[in-house]
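Okay, structure first, notes after.
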Amino acid sequence: MDWQRHYAYLTQLLASGTRLADVAPGVTLHGEDVGRWLATQRRDFTKLNEEQRARLGELGVKKAVRARTAPAKTGTTAGPGASGRAFHRGVQALTQYVGREGRLPGRGVVQVLADGSEHRTGIWLGNTKARRNRLDAAQLAALAELGLEWAASSSPRRGPAGQRAEET
């Protein structure tokens, strides 16, 4: 039942125009983290039964490619990849909430986005604050514009040789 429910939510997201590449962990629908479920299905693709693999294949889902060795962390910031899209969705949800309520969300707030997906905005905000040292200057500025004092007072990440990220 759990697999079928998540599969149905994934098909709803795709039918609403969401691209498969945009369904990353943190993308929710009806309170379920469809992105996390999808990542698990890709990772454990060979453990799925034939019908499950076929149904996911019809949606364009493929087995995750596993690297033989873990790449070294380079310290890059979230750009246009999945992390950048996740940050953008978080800012979008936060903007909608602040615009409607006139205040910052509490931890339990779930915001419904224009595409019908749900975003755990309160949790995202707490996690973003805890990881603010990983944000670049543009991301901090976007959050500061929404009234987050900690973003305005945070200094941008340091790049190679101690230079500020915007200097590198």
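Residues take their numbers from the sequence shown, with the count starting at 1.
Pairs engaging residues 106-115 under the salt bridge (charged side-chain N to carboxylate O under 4.0 Å, His left out) rule: R89-D115 [sequence neighbours left out]. Judged as a salt bridge (charged side-chain N to carboxylate O under 4.0 Å, His left out), the pairs with a partner in residues 8-27 (not counting sequence neighbours) are, in order, R19-D22, D22-R85. Residue pairs satisfying the ring pair (Phe, Tyr, Trp, His ring centres under 6.0 Å) criterion with at least one member in residues 12-42, sequence neighbours excluded, are listed as follows: W3-W37, H6-W37, Y9-H30. Residue pairs meeting the ring pair (Phe, Tyr, Trp, His ring centres under 6.0 Å) criterion with at least one member in residues 99-149, sequence neighbours excluded: F87-W124, H119-W124.
For the atom pair CG (D44) and CD (Q41), the distance works out to 7.0 Å, reported to the nearest 0.5 Å. How far CD of Q96 is from CD of E101: 12.0 Å, rounded to the nearest 0.5 Å.
If you chain together hydrophobic residues whose side chains sit under 4.5 Å apart, L104 and L140 fall into the same group. Follow the hydrophobic side-chain contacts under 4.5 Å out from V91 and you reach V98 in the same cluster. Hydrophobic cluster membership differs between L143 and L113, with clusters built from Ile, Leu, Val, Met, Phe, Trp and Tyr side chains linked at under 4.5 angstrom. No path of Ile, Leu, Val, Met, Phe, Trp and Tyr side chains, each step under 4.5 Å between heavy atoms, connects V34 with V110, placing them in separate hydrophobic clusters.
Applying the side-chain hydrogen bond (donor to acceptor under 3.5 Å, both in side chains) criterion to Q92, with sequence neighbours excluded, gives no partner residue. Annotation: side-chain contact (heavy atoms from CB on, under 4.5 Å) contacts of A141 (sequence neighbours excluded): none. In this structure E51 satisfies the side-chain contact (heavy atoms from CB on, under 4.5 Å) test together with N49, R55, sequence neighbours excluded. Taking V112 as the reference, E118 meet the side-chain contact (heavy atoms from CB on, under 4.5 Å) condition, with sequence neighbours excluded. With sequence neighbours excluded, the residues forming a side-chain contact (heavy atoms from CB on, under 4.5 Å) with L20 are L10, L14, L38, R42, V61, listed by chain and number. By the side-chain hydrogen bond (donor to acceptor under 3.5 Å, both in side chains) test, W150 pairs with no residue at all, sequence neighbours left out. The salt bridge (charged side-chain N to carboxylate O under 4.0 Å, His left out) test applied to D33 returns R36, not counting sequence neighbours.
Between R100 and Q111 the shortest side-chain heavy-atom distance falls below 4.5 Å. Residues K62 and F45 have side chains not in contact (no heavy-atom distance under 4.5 Å, counting atoms from C-beta outward).
Closest approach of P105 and T121 over heavy atoms only: CG-CG2, 4.1 Å. Contact detail for S117 and L13: the closest heavy-atom pair is CB-CD2, 3.6 Å.
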Practice task
Would you please test L148 and T128 for side chain to side chain contact (heavy atoms under 4.5 Å, CB included) and show each step?
Solution key: CA-CA 11 Å; L148 298 165; T128 302; over 6 Å; no
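Through chains of ILVMFWY side-chain contacts below 4.5 Å, Y97 is grouped with V109.
Between the side chain of R132 and the backbone N or O of K129 there is at least one donor-acceptor pair closer than 3.5 Å.
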